[in-house]
Amino acid sequence: MTPNKEDYLKEIYKLGGSEELVSNKQISDTLKIAPASVTEMLGKLNREGLIKYEPYKGSRLTQEGLRVAFSLVRGHRLWEVFLTRHLGYSWSEAHEDAELLEHVTPARLTLRLDEFLNYPAYCPHGNEIPHTGGQVGSTSLQTLDNLSEGKTSHIRKVTEEKELLDYLQGLGIEIGNAVTVVSFGAYEGPLTLDLNGKRIQISYKAACQIYVD
Ligand SMILES: [Zn+2]
């Protein structure tokens with residue numbers, strides 16, 4: 001599926017685009033789209049007044065662009081809570097179906113969903129659910145690979161990507177778990193972790209996608 005306009009707006013928002021300029025490179029890296037296609041789409045979004053695009057510098061969301069991105073992100077994360085909490089979805093299943101639902105959820109339904117779920121603050125993967133129009137996710141967290149050996153921290157969020165989510169859930173990782181790096185494998189080898197008192201091994205690549213405080 002090729003990302004549509006809404007996916008671009010959502011990505012720009014997640015990259016901080018309600019407050020600062022997001023470069024074309026950042027967008028093409030996260031959406032895994034060729035730079036030429038990204039430039040073309042940004043031109044379109046600029047003409048439609050959804051972003052302010054400054055050539056060679058980057059893009060920022062306009063008020064209208066922010067409104068769209070905000071409701072997508074909010075809808076996505078609320079659906080994820082609903083699907084995992086009430087329908088027994090796994091982490092990756094919830095993310096996958098929320099990607100579809102976010103584009104077709106009217107504002108009224110989002111409001112009711114939020115109320116029904118009792119206003120959750122985070123999605124199952126630890127991402128903040130925005131409740132006002134501002135930017136979320138700016139709190140400073142570090143990734144697990146940056147933790148020093150022997151230091152205990154807590155898992156706050158993980159990157160939402162299908163294979164990664166299945167891998168992490170398979171290892172028994174949960175948001176809020178206490179985690180200590182017991183040792184680092186040589187040359188970016190696997191990390192040995194103490195997870196809530198249990199020893200597990202995790203790939204270095206996955207450790208770079210786990211955020212701790
Ligand atoms: Zn999520």
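In listed order, ligands and their atoms are each counted from 1. What you see is a predicted model; the values in this text were computed from it and never measured.
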Between [X] and [Y], is any pair of side-chain heavy atoms under 4.5 Å apart?
| X | Y | result |
| --- | --- | --- |
| Tyr53 | Leu45 | no |
| Cys123 | Glu160 | yes |
| Leu21 | Glu54 | yes |

Between [Y] and [X], is the closest basic N to carboxylate O distance under 4.0 Å?
| X | Y | result |
| --- | --- | --- |
| Lys5 | Glu48 | yes |
| Asp29 | Lys25 | yes |
| Glu102 | Arg74 | no |

Listing residue and atom name, which protein N/O/S atoms are closer to the Zn ion (ligand 1) than 2.8 Å?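 Per the 2.8 Å query on the Zn ion (ligand 1), atoms found are Glu80 OE1, Cys123 SG, His125 ND1, Glu160 OE2.
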